[in-house]
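Since we're looking at a predicted model, the values are computed, not measured.
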Amino acid sequence: MSNESILLFLHGVGNGDQEDRWMVGLTQSLERLDYPNLESLRVIAPKYAHALKGSDEPCQLPGLTIKQPLREAAKKNRREFERRIGALESRLGRHDRGNGYFGGDVMVNAAVKLPPFQQAHNYLNNPKIRAQVLDRILSKLPESGRLVIVGHSLGSVIAADIVRRLPVGLEVAGLVTIGSPLANGAFDVDKLRDTLSEPPTNLAWWVNFWNFSDPVAAHRGVSSVFPWMVDFRINTKKPPTSAHAAAEYLANDAVAAAIGFALYGSKATEVAQVDRGLDIPLDATEHFALLALRYAYLMKTRLESEQKDRFAGALRQVQAAAVEDIRKRNFGEGRAMPSEIARLEFDVSDSGAPVPEPLPSSHVSKDDAVVLLTVLAAENVIRPFEISIPKKLWQEAMEDLAAEMGLGSQYGAEVFVAAKLAQEALSGSRGINWIKWGALGAGAAAIVVATGGLALAAGAGLAGAAVITSALASFGPGGMIGGLLTAGTLVTAGGGGIAYGLASPGTTAETLVGVVERRLAAAILRQRQHLDPDEGLWTVLVETEIEVRREYERLDEFSDASAPALKELKRKIDAIERALKYLTDHGLEPCIDSPQEDDYPTTTFSEREPRTTRQGA
């Protein structure tokens with residue numbers, strides 16, 4: 001396959017931009033961003049205005065050359081695509097698909113029927129004209145190379161239509177659509193939405209830009225139709241006609257940055273910093289700590305004035321302590337410092353010393369990210385400092401973090417959706433704020449003590465049990481790093497150890513609810529991301545319920561009905577009941593073969609309600 005980069009521009013309705021005015025603004029923007037201009041590049045800009053009017057020779061509709069992969073290959077292709085699109089999103093900015101506006105579809109539908117848009121109507125409704133247009137474009141393309149497609153207006157529809165009909169030797173290094181009407185149902189030509197239900201295997205990524213003033217875009221992108229791609233909003237504040245123009249879009253730096261990256265890769269001015277330390281892989285503890293620091297940094301960039309200053313000061317202390325703690329642990333274990341950690345070190349005693357920014361995280365699979373992001377969303381990443389920040393800002397920071405990890409910002413949003421659903425399932429009408437739980441702190445430490453570390457040793461979801469117990473011995477469960485590891489292992493631990501620890505009288509109801517809530521949130525996130533369920537969660541909840549009920553019955557025999565200990569146990573039982581009910585109601589209850597049907601309680605939830613009065617009362 002040739003490594004030649006080719007730019008394909010697909011125009012919208014009209015005369016086909018015979019003077020190629022679209023190139024002027026794009027060239028200027030690329031040069032402004034320190035990218036090469038288009039002079040040395042092969043540019044293909046087919047003119048098919050006549051074909052849109054039906055003036056070309058009749059031909060057959062070009063067939064699909066890019067086939068949909070089978071199940072496992074399709075999953076791999078989707079993961080790799082999401083990694084690329086997530087990395088691009090972290091480069092370009094935040095995904096914003098917009099919400100549309102009332103009457104937008106009606107207006108666009110009406111416009112398509114008007115004489116100025118007859119060409120669009122022809123392409124959408126006349127298979128012969130559609131075939132002529134696609135055939136004319138394909139006849140201009142080589143059989144191999146790196147192709148970057150830019151589609152404007154109707155050209156964006158044509159781009160989506162043609163991507164799976166390209167020669168198999170053409171690698172689509174990027175698809176950029178601008179001023180697209182694809183979100184409108186009238187443009188679902190030949191069931192294009194079904195055809196592109198998954199990203200094609202020849203497509204590296206697809207980003208769409210919509211101008212706030214563009215009536216064709218109607219205040220929205222197209223990810224509502226193709227959820228695997230991302231939308232970016234620009235706002236040129238131009239009149240509607242100008243706002244829709246291809247030249248206006250291509251003069252925008254954000255649009256040019258996407259095209260430039262597809263054509264040329266990273267800018268020449270982007271120079272990698274030389275890090276201290278050795279270039280060795282991060283272990284589980286180091287990766288989790290780096291992820292937490294990056295999450296905190298992304299939050300800092302969203303704050304303003306006095307609050308930002310306080311947060312920056314706290315983060316400065318936390319980063320210095322984290323690096324020092326890792327250095328001490330690594331020295332004791334004879335392990336070198338990875339460069340990604342060593343570069344974060346600075347002289348904390350010098351108030352003017354700049355604090356190095358944590359670099360974006362390496363890519364993580366969706367499955368591995370469940371526990372990591374669930375815990376980060378619930379924990380205090382600037383511990384021991386406490387600064388109250390709106391949940392909305394934390395969610396935005398999480399969305400950016402997920403995008404950097406190659407997961408896409410929507411994954412980050414789903415973390416908070418799952419958290420909210422878990423909170424609602426357990427709190428009922430009490431309205432407890434899920435984020436307010438903060439670090440499990442002393443409550444988590446109590447579980448460690450109560451189980452002699454067995455609960456944590458069983459939780460090898462973040463790393464091997466030996467690694468986790470060694471890390472906790474170095475950092476303790478109370479610091480930022482130890483707290484994250486403790487919370488993470490409690491979300492993954494299985495077996496009787498964790499059940500015993502949660503049911504222990506030394507574990508408060510608040511701690512139990514915090515642990516169950518996080519585990520339920522992780523289960524919900526897995527379901528929403530179509531991942532394999534946590535098969536041990538149901539067992540942990542049932543075993544914990546048995547232990548708590550046993551303690552309740554023992555104390556209820558002689559204690560006052562209003563005894564605080566009984567109320568505490570009742571809160572534990574209530575939380576477990578609610579979690580089990582949520583799992584059952586939402587298809588997360590494990591399937592049990594008939595010979596083992598008696599392994600778990602078969603009574604209804606109401607029948608498991610504990611007694612609230614002493615026997616004989």
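At a threshold of 4.5 Å between non-hydrogen side-chain atoms, the residues W228 and L203 count as touching. Contact check for S153 versus V13: no side-chain heavy atoms found under the 4.5 Å cut-off. You'll find the side chain of L88 reaches within 4.5 Å of the side chain of F261, heavy atoms only. Residues L401 and L291 form a side-chain contact, since some pair of their non-hydrogen atoms from C-beta on lies under 4.5 Å apart. When side chains are defined from C-beta on, I149 does not count as touching W206, because their heavy atoms never get closer than 4.5 Å. No side-chain heavy atom of R518 sits under 4.5 Å from any side-chain heavy atom of V375. Between M398 and L376 the shortest side-chain heavy-atom distance falls below 4.5 Å. Between P199 and R78, some side-chain heavy-atom pair lies under the 4.5 Å cut-off.
Expressed to the nearest 0.5 Å, how far CG of L141 lies from CD1 of I44 amounts to 5.0 Å. Separation of atoms NZ (K366) and CD (E414) is listed at 9.0 Å; rounding is to 0.5 Å. Distance check: E80 CD to E82 CD gives 11.0 Å after rounding to the nearest 0.5 Å. Taken to the nearest 0.5 Å, the CG atom of D17 stands 8.5 Å off from the CH2 atom of W22. Atom NE2 in H530 sits 11.0 Å away from atom NZ in K75 (nearest 0.5 Å). Rounded to the nearest 0.5 Å, atoms CZ (R164) and OG1 (T195) are 6.5 Å apart.
Under a 3.5 Å cut-off, the side chain of D368 and the backbone N or O of V364 do not form any donor-acceptor pair. Formation of a donor-acceptor pair under 3.5 Å by the S242 side chain with backbone atoms of K238 is not found in this model. No side-chain donor-acceptor contact under 3.5 Å links N122 to the backbone of N126. Although no hydrogens or angles enter the test, the distance criterion places no donor-acceptor pair under 3.5 Å between the side chain of Y582 and the main chain of E424. Listed for the Q527 side chain is no donor-acceptor partner under 3.5 Å among the backbone atoms of D532. Looking only at distances, no side-chain donor or acceptor of D161 sits under 3.5 Å from a matching main-chain atom of V189. Looking only at distances, a side-chain donor or acceptor of H152 sits under 3.5 Å from a matching main-chain atom of H244. At least one donor-acceptor pair closer than 3.5 Å links the side chain of R193 to the backbone N or O of A183. Using modelled atom types, one side-chain atom of S29 and one backbone atom of A251 make a donor-acceptor pair closer than 3.5 Å. Looking at Q119, its side chain does come within 3.5 Å of a backbone N or O of G14 through a donor-acceptor pair.
Taking each heavy atom of D135 and C59 in turn, the nearest pair found is CB-SG, 3.6 Å. A pairwise comparison of heavy atoms in A422 and A521 identifies CB-N, 3.7 Å as the closest pair. Here the closest non-hydrogen pair linking R526 and D534 is CD-N, 4.0 Å. Taking all atoms of both residues into account, the shortest heavy-atom contact from I382 to A296 is CG2-CB, 4.4 Å. Counting all heavy atoms, side chain and backbone alike, I6 lies closest to S144 at CD1-O, 4.2 Å. What you find for L298 and A397 is that their closest heavy atoms are CD1-O, 3.7 Å.
A salt bridge is defined here as a Lys NZ or Arg NE, NH1 or NH2 lying under 4.0 Å from an Asp or Glu carboxylate O, and K300 with E357 fails to meet this definition. Between R130 and D190, at least one side-chain nitrogen of the basic residue sits less than 4.0 Å from a carboxylate oxygen of the acidic one, meeting the salt-bridge criterion. Between D214 and R220 no salt bridge is recorded (no basic side-chain N to carboxylate O distance below 4.0 Å). Here E72 does not pair with K76 in a salt bridge; the nearest charged N to carboxylate O distance is not below 4.0 Å.
Between E248 and N252, the side chains place no donor N or O within less than 3.5 Å of an acceptor N or O (distance only, hydrogens not considered). Remark: the S223 side chain and the D231 side chain contain an N/O donor-acceptor pair separated by less than 3.5 Å. Side-chain contact of S139 with R136: a donor-acceptor pair under 3.5 Å is absent, judged by distance alone. When only modelled atom types and interatomic distance are considered, N37 and T27 share no side-chain donor-acceptor pair under 3.5 Å. Checked by atom type, the side-chain pair D194/S197 shows no donor-acceptor distance below 3.5 Å. For S156 and T177, the side-chain atoms include no donor-acceptor pair closer than 3.5 Å. Side-chain contact check for Y295 and D400: no donor-acceptor pair (N or O, by modelled atom type) lies under 3.5 Å.
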Handout entry: salt bridge (Lys or Arg N to Asp or Glu O under 4.0 Å) between E57 and K128, worked out
Key = CA-CA 10 Å; E57 292 293 326; K128 293 181 180 179; over 6 Å; no

Practice task
Run the numbers on I389 and M299 for side-chain contact (heavy atoms from CB on, under 4.5 Å), then give the verdict.
Solution key: CA-CA 9 Å; I389 297 171; M299 168 52 66; 3.8 Å; yes

Exercise for the section: Test D96 against V230 for side-chain contact (heavy atoms from CB on, under 4.5 Å), laying out the working first. Expected result: CA-CA 8 Å; D96 184 350; V230 294; over 6 Å; no

Problem - Residues I85, V207; criterion side-chain contact (heavy atoms from CB on, under 4.5 Å); working and verdict - result: CA-CA 8 Å; I85 203 74; V207 297; 4.1 Å; yes

Problem - Full working for side-chain hydrogen bond (donor to acceptor under 3.5 Å, both in side chains) between T201 and N77 - result: CA-CA 7 Å; T201 56; N77 179 61; 5.6 Å; no

Exercise for the section: Might you work through the side-chain contact (heavy atoms from CB on, under 4.5 Å) test for Y123 and L52, ending with a clear yes or no? Expected result: CA-CA 6 Å; Y123 187 86; L52 285 170; 4.0 Å; yes

Exercise for the section: List the steps, then state whether side-chain hydrogen bond (donor to acceptor under 3.5 Å, both in side chains) holds for S5 with R146. Expected result: CA-CA 5 Å; S5 290; R146 294 182 70 258; 2.9 Å; yes

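Proximity of the aromatic rings of F81 and W205 is defined here by a centroid distance below 6.0 angstrom, and this criterion is not met. Side-chain rings of H11 and Y48 approach one another, their centers coming within less than 6.0 Å.
Annotation: E19, atom CD; neighbour count of heavy atoms from other residues, nucleotides and ligands within 6.0 Å is above 12. Counting non-hydrogen atoms of other residues, nucleotides and ligands closer than 6.0 Å to NZ of K47 gives a total above 12. Enclosure of atom NE2 in H50 is not indicated, since only 12 or fewer non-hydrogen atoms of other residues, nucleotides or ligands lie within 6.0 angstrom.
The only option from T374, L373, V371 that meets the side chain to side chain contact (heavy atoms under 4.5 Å, CB included) definition with L525 turns out to be T374.
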